[in-house]
Amino acid sequence: MSCHCHEHSCSGHSCCHREEESGNRMMLIRLISGSVLFLIAFLIKSDYLFIAAYMILGYDILINAVKSIKDIFNESFLMTIATIGAIIIGEFPEAAAVMLFYQIGEFLSDIAVDNSKKSISAIMDLRADTSHKLIDGKFVTVPSEIVTVGDIILVSAGEKVPLDGEIIEGEAYMDTSALTGESNFVSASVGDNVLSGSINTDSTLKIKVTKTFTESTASKILELVETEKKSNSEKFITKFAKVYTPIVVTLAVIIAILPPIFGGDFKHWFYVAMLFLVVSCPCALVVSIPLSFFSGIGCCSKNGILVKGSNALESLANVGSIAFDKTGTITEGKFKVCALRVTGIKAEALMYAAYAEYSSSHPIAKAIVEAYGKEIDVSKIKSCKEIAGNGIKAVIDGKDVLIGTKKFLDKEGIQNTQVFDSNAVYLAVNGEFVGYIVIEDIIKPEAEKAIRDLSALSVGAFMLTGDSKTNAETVAKKLNLKYFAELLPQDKVSKIKSMKKNTLTAFVGDGINDAPALAASDVGIAMGGVGSDAAIEASDIVLMSDELGKVPLSISISRKTLRIVNENIALAISIKLAVMILGVCGIATMWMAIFSDVGVCLLAIINALRAFRIKD
């Protein structure tokens with residue numbers, strides 16, 4: 001827990017871990033010995049043993065109080081004044097009890113926080129600090145920082161990939177669960193790109209490095225997770241604690257002085273004042289609120305959703321509308337032939353189209369070649385000229401072939417004035433119009449369910465795309481989405497700003513052209529698997545597996561986290577106020593004050609850790 005700070009001077013993770021374990025063991029010994037003394041003192045009614053238990057359990061708090069004497073609102077100082085005050089008026093059992101239960105609370109909450117940190121550390125333990133680099137024909141283990149783009153590294157079975165790269169030798173199944181949150185292994189072979197942080201499960205790979213250590217996927221992810229941006233709730237609690245504690249301490253001083261002046265029982269009102277000092281510690285709020293967000297971010301990380309700080313998680317919980325880019329976000333960015341409309345033999349028409357498109361790198365060309373599905377006899381291609389943005393002129397097996405847009409064929413004098421389909425690629429052979437091939441971008445299989453899930457969460461979904469109106473309408477109708485088409489990057493920004501006037505707005509995108517819209521939105525969500533570095537950099541949240549289903553999931557997690565935060569705020573403030581009122585009325589005891597501080601803090605921490613689970 002601790003409202004006071006535990007500092008470690010060791011530099012390594014294992015060193016810090018050993019120190020924490022050693023500290024926990026020492027604290028456990030103190031708790032056991034202090035509890036035994038307290039129990040014996042309680043049974044034989046010995047004030048001396050109560051004092052001994054008090055010193056064993058509270059010596060570190062007394063030392064911290066002396067060190068922080070200038071800060072009268074420090075927790076250790078407040079606890080010290082309250083317990084010494086109890087001793088002055090002869091309440092030895094309660095003074096020792098405050099220290100005992102406070103230290104038990106500290107111990108248990110420290111364990112809870114350590115465990116939550118370990119959970120996230122295990123998830124985010126992505127980076128391999130050393131690589132096996134090829135130097136003078138031998139693989140030498142070197143720090144990953146010194147490996148440069150173009151170097152060859154070796155990754156054996158069971159090892160973590162240290163740097164992003166392309167496989168040049170070998171094939172293996174890669175465990176990418178730490179990156180994507182998915183347990184399925186991915187097959188990778190020569191020519192495939194592999195990401196740092198993934199694990200080679202079964203055979204040796206030689207990889208040509210494509211990104212340096214600081215630019216690698218694992219390093220970027222760790223930067224995202226370590227970015228500290230406080231939520232509004234955390235800022236509120238920090239401000240609240242700065243006001244709440246001085247007010248309650250001032251009330252304690254007034255209660256200790258004024259009533260006795262006017263004839264009140266000094267011992268009673270001094271006791272109530274000491275009770276107020278115990279209640280004044282804002283520990284339950286100061287600790288549990290950040291831990292709630294920490295747990296929510298950890299839950300997202302387990303599911304391949306990386307969140308850049310608690311402010312992003314809090315904003316996501318309040319999102320009322322989400323705008324999606326189309327290509328690569330809602331769709332796979334991969335085209336397929338879905339229809340062939342020709343006047344002659346379909347197989348022959350598709351053959352001419354595939355041969356003409358064979359040398360083109362355009363995604364539509366690749367889709368046509370893939371649809372043809374047969375081996376291309378390159379000797380039949382006598383000439384091939386690509387006219388950018390229009391189409392291709394080719395001579396295939398002695399015949400003149402034209403393939404491309406309607407405008408292209410019109411310019412070439414082909415008699416065809418009818419527009420069949422905006423997604424069509426038009427084909428002519430030897431000056432005669434043959435027909436057209438309908439191409440569609442494949443909608444991601446999970447897109448429809450993701451949009452339904454967003455609707456169930458009362459979040460409006462829109463599509464913003466630079467594609468044609470007809471193409472956008474085709475996708476929008478299938479998913480029941482509102483859409484805006486033929487938008488330039490600056491147009492997307494304008495639409496986002498317009499939507500933000502009515503509700504908190506998120507934008508989901510993947511390309512470089514989406515970076516301005518991601519930055520302009522209240523919450524930018526980037527598709528991390530295929531997303532550009534610019535998009536990931538501009539975003540607040542990164543979906544490592546590119547699954548649209550992770551968008552409603554992230555909103556569900558964020559809303560649950562915020563609900564837990566609000567529960568903890570209400571729990572802590574209401575119980576503390578109730579104990580203070582009961583104290584003034586002469587009903588509350590120091591035991592109640594201990595519960596309002598330590599007990600409520602533990603309850604709040606236990607509640608905060610629920611955010612690690614997706615379901616309640």
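We count residues from 1, following the sequence as given.
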Could you tell me if the side chain of [Y] sits less than 4.5 Å from the side chain of [X], heavy atoms only?
X      : Y      : answer
Phe595 : Val579 : no
Met274 : Ile84  : no
Ile87  : Tyr54  : yes
Ile496 : Leu464 : yes
Lys550 : Ile525 : no
Val319 : Asp522 : no
Pro162 : Ser196 : no
Phe213 : Asp129 : yes

Non-neighbouring partners of [X] that pass side-chain contact (heavy atoms from CB on, under 4.5 Å), sequence neighbours left out:
X      : result
Ile581 : Cys585
Leu571 : Ile575, Val600, Leu603
Val493 : Lys497, Pro516, Ala520
Leu49  : Leu37, Ile40, Ala41, Ile44, Ser46

Is [X] reaching over with its side chain to a backbone N or O of [Y], donor-acceptor style, under 3.5 angstrom?
X      : Y      : value
Ser521 : Leu518 : yes
Ser596 : Lys576 : no
Ser498 : Ser494 : no

Under the side chain to side chain donor-acceptor pair (under 3.5 Å) test, residues paired with [X] that sit two or more places apart:
X      : result
Lys449 : Asp453
Thr505 : Ser321
Ser292 : Asn568
Arg30  : Asp60

Closest non-hydrogen atom pair between [X] and [Y], with its separation:
X      : Y      : value
Pro259 : Ile255 : CD-O, 3.0 Å
Gly296 : Ile557 : O-CG2, 3.7 Å
Pro93  : Phe38  : O-CE1, 3.5 Å
Ala312 : Val523 : O-CG2, 4.4 Å
Cys299 : Ala611 : CB-O, 3.2 Å
Pro246 : Thr250 : O-OG1, 2.7 Å

My understanding is that only residues two or more places apart in sequence, or in another chain, count here; which of them pass ring pair (Phe, Tyr, Trp, His ring centres under 6.0 Å) with Phe92?
none
Residues which pass ring pair (Phe, Tyr, Trp, His ring centres under 6.0 Å) with Tyr271, listed by chain and number, not counting sequence neighbours
none
No-hydrogen, no-angle side-chain donor-acceptor test under 3.5 Å, Arg563 and Asn566:
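Short answer, no.
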For the [atom1] atom of [X] and the [atom2] atom of [Y], what is their distance to the nearest 0.5 Å?
X      : Y      : atom1 : atom2 : value
Leu28  : Gln103 : CG    : CD    : 12.5 Å
Leu100 : Ser35  : CG    : OG    : 4.5 Å
Ile32  : Ile56  : CD1   : CD1   : 12.5 Å
Thr130 : Lys160 : OG1   : NZ    : 10.5 Å
Ser556 : Leu454 : OG    : CG    : 9.0 Å
Thr589 : Leu275 : OG1   : CG    : 7.5 Å

With Leu316, which of Ile322, Leu504, Thr561, Ile555 fulfils side-chain contact (heavy atoms from CB on, under 4.5 Å)?
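So, applying the side-chain contact (heavy atoms from CB on, under 4.5 Å) to Leu316 and each of Ile322, Leu504, Thr561, Ile555, only Ile555 qualifies.
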With sequence neighbours excluded, what pairs up with Lys267 under the salt bridge (charged side-chain N to carboxylate O under 4.0 Å, His left out) test?
none
Passes side chain to side chain contact (heavy atoms under 4.5 Å, CB included), Leu306 versus Cys300? Steps please.
CA-CA 6 Å; Leu306 302 179; Cys300 286; over 6 Å; no
For residues 247-269, which residue pairs pass the ring-ring contact (aromatic ring centres under 6.0 Å, His included) check, not counting sequence neighbours?
Phe266-Phe270
Decide if atom CZ of Phe462 counts as having more than 12 heavy atoms of other residues, nucleotides or ligands within a radius under 6.0 Å.
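Atom CZ in Phe462 is crowded, with more than 12 foreign heavy atoms closer than 6.0 Å.
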Please step through side chain to side chain contact (heavy atoms under 4.5 Å, CB included) for the pair Leu548 and Thr329, ending with a clear verdict.
CA-CA 8 Å; Leu548 283 176; Thr329 302; 4.2 Å; yes
One pair to check against salt bridge (Lys or Arg N to Asp or Glu O under 4.0 Å): Arg610 and Glu567. What are the steps and the verdict?
CA-CA 12 Å; Arg610 284 174 44 231; Glu567 287 170 359; 3.3 Å; yes
Please report the C-alpha distance between Ile297 and Ile305 in whole Å, then the side-chain angles of each, then the deciding distance to 0.1 Å, and finally whether the side chain to side chain contact (heavy atoms under 4.5 Å, CB included) criterion is met.
CA-CA 8 Å; Ile297 291 170; Ile305 305 162; over 6 Å; no
For Phe276 and Val253: C-alpha separation, side-chain torsions, deciding distance, then whether side chain to side chain contact (heavy atoms under 4.5 Å, CB included) applies.
CA-CA 9 Å; Phe276 264 55; Val253 173; over 6 Å; no
